[in-house]
Novice: 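The structure that follows is given in the form of structure tokens.
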Amino acid sequence: MESHKTLSKLIIIALLTISLGSCSQNNDTMIEVTYDPALGTEGFDGRLLIMITKDTITEPRFQINDTDQTGIIIGKDVQQWIPNTSIPFSKQTLAYPIETLADLKAGDYFVQALLHKYETFQLVNGHTVQLPMDQGEGQHWNISPKNIYSKPIKVTIGKKDSPIQIALTKEIPSIAVMQDSEYIKHIKIKSELLTEFWGRPMYVQANVLIPKGFSKNNTDRYPLMVFHGHFPKTIGGFRTEPPASPKQDTVYSSRFGITGYQYIQEKEAYDFYQKWVSEDFPRFLVLEIQHQNPYYDDSYAVNSANLGPYGDVITYELIPHIEKLFNGVGAGWGRFLYGGSTGGWEALAAQVFYPKEYNGCFAACPDPIDFRGYTVVDIYNDDNAYYTEGAFKQTLRAGKRDGKGHLQAYLKDMNRREYILGNKSRSGDQWDIWQAVYSPVGDDGYPKPIWNKLTGQIDREVANYWKENYDLRYIMERDWDQMGHDLEGKVHIYCGDMDNYYLNNAVVLTEEFLESTTGPYYDGEVAYGNNQEHCWNGDQENPNYLTRLRYNTLYLDKIKRRFFGIRTQNTSPKKLGTLERRIKLSKGALLLAYLINTCLSYQFQKRLIKNCRSIE
């Protein structure tokens with residue numbers, strides 16, 4: 001009998017404990033989110049994000065960034081979330097830039113919620129992962145079609161204990177497909193290599209600028225200029241009509257310190273069009289690539305354990321297809337690479353990993369090309385990415401600066417923002433894509449972290465994997481005896497010495513190696529812009545706000561010299577004269593050009609070129 005009484009007491013205590021715990025949990029909940037059944041009833045997977053700001057000059061979803069003007073963001077993964085089911089966010093929820101939601105000061109705020117939807121992928125490596133599939137926007141969570149979100153609402157924090165209620169009622173609409181024009185074509189192909197890797201149909205797209213006078217039926221053959229960079233909706237910087245914006249306006253560009261920049265961009269685009277169709281402008285193809293993927297707005301144009309074989313896809317599937325469609329030369333000596341920032345890294349990486357397939361790269365402000373200078377971190381020797389440490393003090397590492405050296409963001413905070421946006425490298429942002437491209441696959445099927453996203457502790461095993469597979473300086477140094485002759489004269493690198501992301505650190509380290517090369521000497525170029533920010537691209541005479549708009553003409557003189565150059569031991573390419581009108585070849589001239597480029601004496605080359613009818 002006594003035992004029954006004891007048991008009853010224990011049950012009562014347990015029930016009270018559960019009840020009190022439940023009350024405590026309810027009191028701890030600050031925000032609850034639901035969504036309208038009209039948006040779907042099948043149940044959604046994804047990352048549920050809540051943005052909190054002090055104003056609605058723009059929607060809160062557009063106010064999350066690395067500056068001191070950022071809003072606050074929190075996030076939580078959801079699985080099979082069905083409508084009218086509340087997802088709670090407690091005071092202990094991790095946040096950016098504050099530590100937790102509990103640190104939010106009392107006051108009035110604007111709040112907005114958004115679900116970044118994930119899809120399930122059965123990868124060829126046997127792993128199952130959930131990732132956001134790009135919907136044609138270039139992998140941006142706050143504008144990605146099919147994502148659902150709420151209207152911003154004004155709330156007061158600190159006056160009541162009941163949770164804030166948010167309902168998702170809107171869906172981001174689809175994006176219209178870009179239409180072809182006389183000179184701009186959009187070619188989308190299904191990649192067999194990527195389809196096999198991702199376990200579903202996967203595509204890449206080429207945006208192609210074709211030369212004046214192009215005809216599929218003629219015998220002209222055109223060199224290919226691969227302009228690498230972030231997701232290009234279409235060919236940018238090309239406009240067939242004069243500028244429509246006013247020459248003078250009051251819109252101030254904080255980046256460049258000028259007004260009227262919209263007019264400047266339109267005028268540069270129109271000027272390029274006028275050059276493109278002029279009689280004395282060289283004829284070639286420009287290729288910009290859409291290779292957005294579930295991790296980022298592009299793939300970094302290399303083969304990756306986590307993203308798949310994008311390097312092979314671009315070099316062996318896409319480019320030959322485009323050259324066949326638009327009468328490209330169709331050989332490595334007729335292909336050139338250029339780009340800035342991400343595009344700068346891609347241009348150099350493609351040249352290094354496929355040295356015979358391209359005839360020169362022009363890499364401006366490239367992402368870290370030597371991981372001893374992974375911006376401000378040496379991943380091989382530093383223990384922690386976020387700070388240096390002595391016996392009595394820790395000093396946070398910088399992540400971004402302005403052109404005068406003023407600190408704009410810490411590395412720790414930039415990575416924390418990404419972690420809140422999406423764990424497991426799913427933020428769709430910069431540090432996560434480097435990790436996704438360069439890292440081995442982790443036990444969970446996602447990229448193995450180079451460092452703990454919250455603490456900054458570096459994983460030395462992962463760092464060594466990066467070194468052997470993606471450290472471009474190390475790979476060139478390690479394999480110079482095999483690839484040196486194929487890279488001779490092809491490597492050109494440019495960077496401002498006040499790059500906002502400290503990318504000049506890796507360029508300096510890479511230059512030290514390149515200048516030490518022998519058998520052969522690299523015979524390329526590394527140049528710096530004095531007090532120039534991101535993304536200086538090699539023009540010592542004009543301001544960055546202009547030269548960033550001129551990639552498709554900026555390196556033409558160097559490309560012409562390279563295109564018709566001859567390599568001789570311990571000498572630079574010999575000039576064969578400028579092409580007065582065109583860089584285009586008839587079928588009969590292709591063999592001549594190859595021989596010219598590889599075998600024949602300088603004087604004999606000149607005689608052959610003079611007699612080649614297709615060079616005017």
Side-chain angles (χ1 to χ4, degrees), residues 177-193 203-228 232-241 269 272-291 312-338 350 354 357-359 551-553 556 559-560 563-564 579-597 609 611-616:
V177 176
M178 293 300 301
Q179 299 300 310
D180 289 350
S181 65
E182 181 180 1
Y183 294 106
I184 298 175
K185 309 299 178 184
H186 307 89
I187 309 298
K188 187 175 183 178
I189 68 168
K190 179 182 177 182
S191 167
E192 297 302 326
L193 292 172
Y203 301 84
V204 289
Q205 178 170 308
N207 303 332
V208 187
L209 182 62
I210 62 174
K212 180 183 179 181
F214 167 78
S215 171
K216 183 64 179 173
N217 298 321
N218 67 27
T219 58
D220 295 335
R221 292 295 178 264
Y222 303 99
L224 180 69
M225 311 300 171
V226 183
F227 184 6
H228 274 298
K233 188 175 182 180
T234 186
I235 292 287
F238 187 86
R239 179 186 177 92
T240 59
E241 298 177 354
F272 178 45
Y273 159 71
Q274 290 182 306
K275 290 178 181 178
W276 189 255
V277 299
S278 65
E279 290 302 315
D280 59 351
F281 191 76
R283 304 295 190 231
F284 53 89
L285 302 167
V286 174
L287 168 64
E288 296 184 7
I289 306 167
Q290 284 190 13
H291 43 131
D312 288 353
V313 168
I314 291 169
T315 300
Y316 300 128
E317 286 187 344
L318 183 63
I319 285 178
H321 182 75
I322 296 306
E323 289 173 326
K324 184 176 180 180
L325 283 177
F326 299 109
N327 295 357
V329 167
W333 56 266
R335 300 173 185 145
F336 298 85
L337 305 148
Y338 49 78
Y354 303 92
E357 301 298 336
Y358 302 98
N359 199 13
Y551 274 95
N552 287 320
T553 58
L556 278 183
I559 287 173
K560 290 176 187 178
F563 189 72
F564 287 103
L579 293 178
E580 296 297 335
R581 185 160 180 253
R582 302 181 181 180
I583 307 176
K584 69 174 187 177
L585 304 174
S586 68
K587 287 181 179 179
L590 292 179
L591 179 59
L592 286 178
Y594 176 76
L595 293 172
I596 289 168
N597 198 45
I609 291 175
N611 293 325
C612 183
R613 65 175 178 81
S614 65
I615 300 175
E616 302 177 7

Novice: Looking at L285 and G328, what are the two nearest heavy atoms and their distance?
Specialist: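 Minimum heavy-atom separation between L285 and G328: CD1-CA, 4.1 Å.
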
Novice: For a quick test of reading the model, state the closest non-hydrogen atom pair linking Q179 to H186 and the distance between them.
Specialist: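 Closest approach of Q179 to H186: O-CE1, 3.2 Å.
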
Novice: Under a 4.5 Å cut-off applied to non-hydrogen side-chain atoms, are Y551 and V286 in contact?
Specialist: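 SC-SC contact between Y551 and V286 ruled out.
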
Novice: For Y222 and F214, take the angle between the two ring planes, folded into 0 to 90°, and tell me which bin it lands in: parallel under 30, tilted 30 to 60, perpendicular over 60.
Specialist: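 Judged by the thresholds at 30° and 60°, the geometry between Y222 and F214 is tilted.
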
Novice: Of all residues at least two apart in sequence or in a different chain, which pass the side chain to side chain donor-acceptor pair (under 3.5 Å) check with S215?
Specialist: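 With neighbours one apart ignored, the set is empty.
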
Novice: Taking only residues two or more places apart in sequence or in another chain, which ones pass ring pair (Phe, Tyr, Trp, His ring centres under 6.0 Å) with Y316?
Specialist: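 Per chain and number, Y316 pairs via ring pair (Phe, Tyr, Trp, His ring centres under 6.0 Å) with Y354.
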
Novice: Which pairs with one or both residues in residues 312-327 pass salt bridge (Lys or Arg N to Asp or Glu O under 4.0 Å), sequence neighbours excluded?
Specialist: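 Passing the test, one end in residues 312-327: E323-R335.
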
Novice: Please give me the minimum heavy-atom distance between V208 and L287, naming the atom from each residue.
Specialist: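 For V208 versus L287, the nearest heavy atoms are CG2-CD1, 4.2 Å.
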
Novice: Just how far is it from atom NE2 of H321 to atom CZ of F326, taken to the nearest 0.5 Å?
Specialist: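 One finds 8.0 Å between NE2 of H321 and CZ of F326.
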
Novice: Tell me, please, which residues at least two apart from F272 pass ring pair (Phe, Tyr, Trp, His ring centres under 6.0 Å).
Specialist: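 Once residues adjacent in sequence are excluded, the partners of F272 under the ring pair (Phe, Tyr, Trp, His ring centres under 6.0 Å) criterion are F238, W276.
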
Novice: Applying salt bridge (Lys or Arg N to Asp or Glu O under 4.0 Å), can you list everything that pairs with K188, at least two apart in sequence or on another chain?
Specialist: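 For K188, no residue satisfies salt bridge (Lys or Arg N to Asp or Glu O under 4.0 Å) once neighbours in sequence are set aside.
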
Novice: Shortest non-hydrogen contact from R283 to V277?
Specialist: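 Taking every non-hydrogen atom into account, NH2-O, 4.4 Å.
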
Novice: Which value, rounded to the nearest 0.5 Å, describes the distance between H228 atom NE2 and E288 atom CD?
Specialist: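 That separation rounds to 11.0 Å.
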
Novice: Find the distance between CD1 (I187) and CD1 (I322) and round it off to the nearest 0.5 Å.
Specialist: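 Result: 5.5 Å between the selected atoms.
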
Novice: Identify, with sequence neighbours excluded, every residue that meets ring pair (Phe, Tyr, Trp, His ring centres under 6.0 Å) alongside Y358.
Specialist: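 None.
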
Novice: With rounding to the nearest 0.5 Å, note down the distance linking CZ in F336 to CG in N359.
Specialist: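 Interatomic distance, F336 CZ to N359 CG, rounded to 0.5 Å: 4.0 Å.
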
Novice: Can you give me the closest heavy-atom contact between R239 and E241, atom names plus distance?
Specialist: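 In terms of heavy atoms, the two residues are closest at NE-O, 2.9 Å.
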
Novice: Count the heavy atoms of every other residue, nucleotide or ligand shown that sit under 6.0 Å from NZ of K212, and state whether that count exceeds 12.
Specialist: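 Yes, NZ of K212 has more than 12 neighbouring heavy atoms, counting only those of other groups under 6.0 Å.
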
Novice: To check you understand the geometry: which heavy-atom pair defines the closest contact between N207 and Q290, and what is its length?
Specialist: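 Result for this residue pair: ND2-NE2, 3.9 Å.
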
Novice: side-chain contact (heavy atoms from CB on, under 4.5 Å), that's the test. Do D220 and N327 meet it? Break it down for me.
Specialist: CA-CA 7 Å; D220 295 335; N327 295 357; 5.7 Å; no

Novice: Could you give me the CA-CA distance, side-chain angles and deciding distance for T553 and F281, then say whether side-chain contact (heavy atoms from CB on, under 4.5 Å) is met?
Specialist: CA-CA 10 Å; T553 58; F281 191 76; 4.0 Å; yes

Novice: For the atom pair CG (L193) and CG (L318), what is the distance rounded to the nearest 0.5 Å?
Specialist: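 Output value for this atom pair is 12.0 Å.
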
Novice: Rounded to the nearest 0.5 Å, how far apart are OG1 of T240 and CD of E182?
Specialist: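 The CD atom of E182 is 8.5 Å from OG1 of T240, to the nearest 0.5 Å.
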
